[in-house]
Amino acid sequence: MRRFVDWLDHRTGLETAIRSFLYEEIPASAGWHQVLGSVAIFAFLIQAFTGVLLAFNYAPTPGEAYNSLRYITSQVTAGKLIHGLHHWGASVMIIVVVLHMTQVFIWGAYKKPREATWMVGVFLLLVTLAYGLTGYLLPWDNRAYWGTIVTTRIAAQAPLLGPYLTRLLGVDGNIGVVTFARFYAAHVMLLPPVTTLLIGIHVYLVRKHGVTPAAGDIAPKQKFFPAQVFKDTVAIAIAFMVLFLMASAVQVPLERLADPTDTAYTPRPEWYFLFLFQTLKFFEGPLEIFGSVVLPTLAILVLFLVPFLDRKPAVRVAKRGFAILVACLAGLGWTALTAAALRSSPHPAETAENSGAAVQAWQQLSPEELAGIGYFRDEKCSNCHSVGHAPGGTVGPNLANISASRRNAAWMMRHFRHPADVIPGTSMPPIQLSDDQLYTLTAFLLKLSPANADALAAAPDTMVRGAMIYQSNHCEACHLVNGSGMKIGPPLNGLASRRQKDWVEKHFADPKKMSPGSMMPPYHFNPKEMEDVTAYLMQLPAASQ
Amino acid sequence: MNEEKIIDRRRFELTSIYALGAAIAAALGIPAFSYLLVPPKSKGSAEWVDAVDLSKLTVGTPEEVVFRRDRVDGWKVTSEKTTAWVIKQSDGQAVALAPQCTHLGCAYHWDDRDGNFICPCHNSRFSKDGKVLSGPAPRPLDRYAVRKEGTHLLIGTILPAAKDS
């Protein structure tokens with residue numbers, strides 16, 4: 001073994017390099033307060049490791065991204081844990097990086113000759129935040145979509161640079177596949193090498209100038225290994241334990257698939273950006289740009305210039321009252337803003353009001369037409385057919401542009417049952433649905449036009465499921481929705497303005513108890529069905545006729 | 001601090017560094033290992049597909065049957081064409097052979113003249129019931145699980161390989 005190590009060292013100098021790294025002399029005053037830099041590097045390595053693992057099972061395109069992430073967390077062995085480590089690891093990394101900066105600030109370690117070390121450190125902080133920003137979009141759930149909409153709109157406000165930034169982020173009116181590709185590429189291809197390079201420079205500079213001694217430390221120096229490495233390792237182990245417990249115990253939020261038509265969604269950023277979110281609320285109208293662009297830019301600039309703004313050589317905390325005061329105020333400000341944001345922004349569950357929101361195209365469909373979207377999705381028609389601009393296959397024709405000769409129920413029904421009889425040589429398989437279900441599908445396709453295709457394709461799944469339940473239980477035999485059905489029971493448009501959701505749920509279970517004299521039979525849905533059908537009924541727009 | 005205490009301290013620190021390092025490596029390594037190598041939980045049970053009406057087949061003559069089935073492919077379910085060689089037996093039962101040679105996965109075909117299956121890649125020959133007659137194939141042809149419903153043959157998953165006898 002010894003001989004092999006000697007051989008290797010002679011050829012590569014590896015052992016010598018490791019030795020000179022480990023036996024570096026550090027001040028006698030170095031200790032527990034200086035472990036945070038190592039913990040930050042460890043946090044980065046965890047992110048890199050779990051990130052690569054996630055990428056092995058992840059498809060980086062919208063829609064697919066969401067499905068593959070669901071696959072990772074629900075089917076892949078230990079997938080939930082790996083995803084949890086990556087998600088919560090981001091938060092751990094931000095906390096550690098900020099604590100590291102705070103420690104360096106309080107110990108005055110940014111002062112001459114270590115200004116460059118500090119500035120590279122600020123770059124690393126920005127890179128860390130950039131990971132948070134770009135990674136936020138990658139699950140492609142509602143949270144990711146709407147959160148990123150806000151981010152890109154803020155970028156667009158930047159004076160002069162706005163339009164260029166927007167183009168760089170791949171935002172063309174709205175965020176879409178290009179934005180996603182840009183964010184993904186930045187997150188996994190651009191930022192990691194940049195981080196590695198910056199960490200290299202940072203560590204090199206730390207080594208060049210030596211670890212900062214405490215004020216008045218003239219004791220003989222000690223070696224980095226093993227005393228300091230021991231402290232670093234213990235700190236790393238503690239951080240890892242916290243992260244591991246979080247990843248195993250706390251569910252990572254994954255909302256439903258991104259839904260650009262969801263008018264009820266209130267996006268909120270990740271906790272470490274909440275202070276910016278709150279700052280924005282203090283500025284209105286033309287002043288908004290101060291909160292969104294000017295102040296953050298100034299703050300970053302000030303952070304960069306800290307070593308030049310405070311050039312006095314004093315490092316003792318007692319002699320740097322003003323600097324410490326500024327740091328405390330910054331910390332307090334951050335805490336207050338974050339707390340205010342947490343208190344003021346509504347809980348996601350309470351935001352399901354859509355009063356005053358514009359009525360979406362799908363909300364105006366009859367229950368049958370909306371339920372048809374459900375069969376369209378269940379039968380995976382989009383594997384071969386596109387609808388408008390929504391992603392879909394190209395094997396069959398785009399269904400928003402069906403020619404007039406085929407735009408009738410009889411042709412469509414024949415085509416669904418025996419495609420090859422109607423279009424010889426077609427590769428479309430017969431659709432295995434009952435006639436009732438095929439008629440429902442037909443109702444949707446007859447409604448489809450190039451003008452409404454995109455809006456209809458975006459109908460939220462819950463609503464579509466609700467309409468399918470409504471349809472399959474023949475509710476239209478008594479009730480009227482969007483002008484379709486009967487008026488034996490009360491018309492259901494605008495139900496949300498008359499009844500609460502839990503009233504509707506109780507009414508399903510026992511109509512006679514909730515409204516005496518009702519002829520409606522009780523319906524017993526499972527919780528998922530109940531959720532879908534009530535969500536569907538509660539969104540019905542007020543009648544316009 | 002005397003010499004002995006310093007040595008003890010150093011030993012404690014070294015042991016801790018290695019122990020903690022090993023614990024972290026294990027806590028990351030074991031999940032990573034299972035993440036990559038343990039097969040994912042599959043959703044739903046194997047389905048049976050109505051592949052062919054047996055009354056239309058001749059006893060003893062292998063027939064290439066094409067049917068459609070859903071295949072779970074990671075996070076996707078794709079509907080794809082699948083083939084089976086179905087041989088109707090005299091007792092009304094049937095055998096369905098998976099369409100790939102057990103050597104290197106080429107598609108084999110039925111040789112009517114010799115009355116056996118031949119793989120064009122490396123000349124493996126199989127008897128009508130899938131036994132290896134000659135060539136490099138290491139084991140008999142794989143079989144699908146089959147079930148009869150009336151005269152229809154339902155095909156399930158490929159059965160685990162049987163031992164070559």
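Since this is a predicted model, take the numbers as computed values, not measurements. All chains are named by letter (A, B, ...) in the order of the sequence lines, taking the proteins before the strands, and each is independently numbered beginning at 1.
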Among [options], which has the most heavy-atom pairs under 4.5 Å with chain B?
{"options": "A:Asn57, A:Ile72, A:Asn67, A:Asp232", "result": "A:Asn57"}
{"options": "A:Ser68, A:Ala59, A:Gly79, A:Ala227", "result": "A:Ser68"}
{"options": "A:Thr77, A:Leu85, A:Ile82", "result": "A:Thr77"}

Query raised in the report: Do you know which of A:Tyr145, A:Tyr66, A:Tyr58, A:Tyr184 makes ring-ring contact (aromatic ring centres under 6.0 Å, His included) with A:Trp140?
Result: A:Tyr145
Report task. Answer with yes or no after comparing the ring centroid distance for B:Phe12 and A:Phe230 against a 6.0 Å cut-off, counting only values under it. Result -> yes
Query raised in the report: Would a line drawn from the ring center of B:Phe117 to the ring center of B:Trp110 be shorter than 6.0 Å?
Result: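 Ring-ring flag for B:Phe117/B:Trp110: true, centres closer than 6.0 Å.
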Requested in this report: Answer yes or no: is there an ion pair linking B:Arg147 with B:Glu149, defined by an N-O contact shorter than 4.0 Å?
Outcome: yes
Segment of [X] engaging chain B (4.5 angstrom heavy-atom cut-off):
{"X": "A:Leu53", "result": "both"}
{"X": "A:Ile238", "result": "neither"}
{"X": "A:Leu69", "result": "neither"}

Report task. Assess whether salt bridge (charged side-chain N to carboxylate O under 4.0 Å, His left out) is satisfied between A:Glu15 and A:Arg2, documenting all intermediate values. Result -> CA-CA 11 Å; A:Glu15 199 201 1; A:Arg2 187 65 245 166; 3.1 Å; yes
Report task. Report yes or no: do A:Tyr131 and A:Thr195 form a side-chain donor-acceptor pair below 3.5 Å? Result ->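 Yes, side-chain donor-acceptor contact under 3.5 Å.
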Query - Pair B:Asn116-B:Ser127, side-chain donor/acceptor within less than 3.5 Å - result: no
Query raised in the report: Is a side-chain N or O of A:Thr73 found less than 3.5 angstrom from the main chain of A:Arg70, in a donor-acceptor match?
Result: yes
Report task. Identify which of B:Ala23, B:Ser16, B:Gly74, B:Gly21 forms the greatest number of heavy-atom pairs closer than 4.5 Å to chain A. Result -> B:Gly74
Report task. Under 4.5 Å, heavy atom to heavy atom: which of residues 29-40 of chain B reach chain A? Give them by number, or say none. Result -> B:Pro31, B:Ala32, B:Ser34, B:Tyr35, B:Leu36, B:Val38, B:Pro39, B:Pro40
Mind listing the side-chain donor-acceptor pairs of residues 98-108 of chain B below 3.5 Å, one per line with the distance, residues two or more places apart or on another chain?
{"from": "B:Thr102", "atom 1": "OG1", "to": "B:Arg139", "atom 2": "O", "distance (Å)": "2.6"}
{"from": "B:His103", "atom 1": "ND1", "to": "B:His122", "atom 2": "ND1", "distance (Å)": "3.4"}
{"from": "B:Tyr108", "atom 1": "OH", "to": "B:Ala98", "atom 2": "O", "distance (Å)": "2.7"}

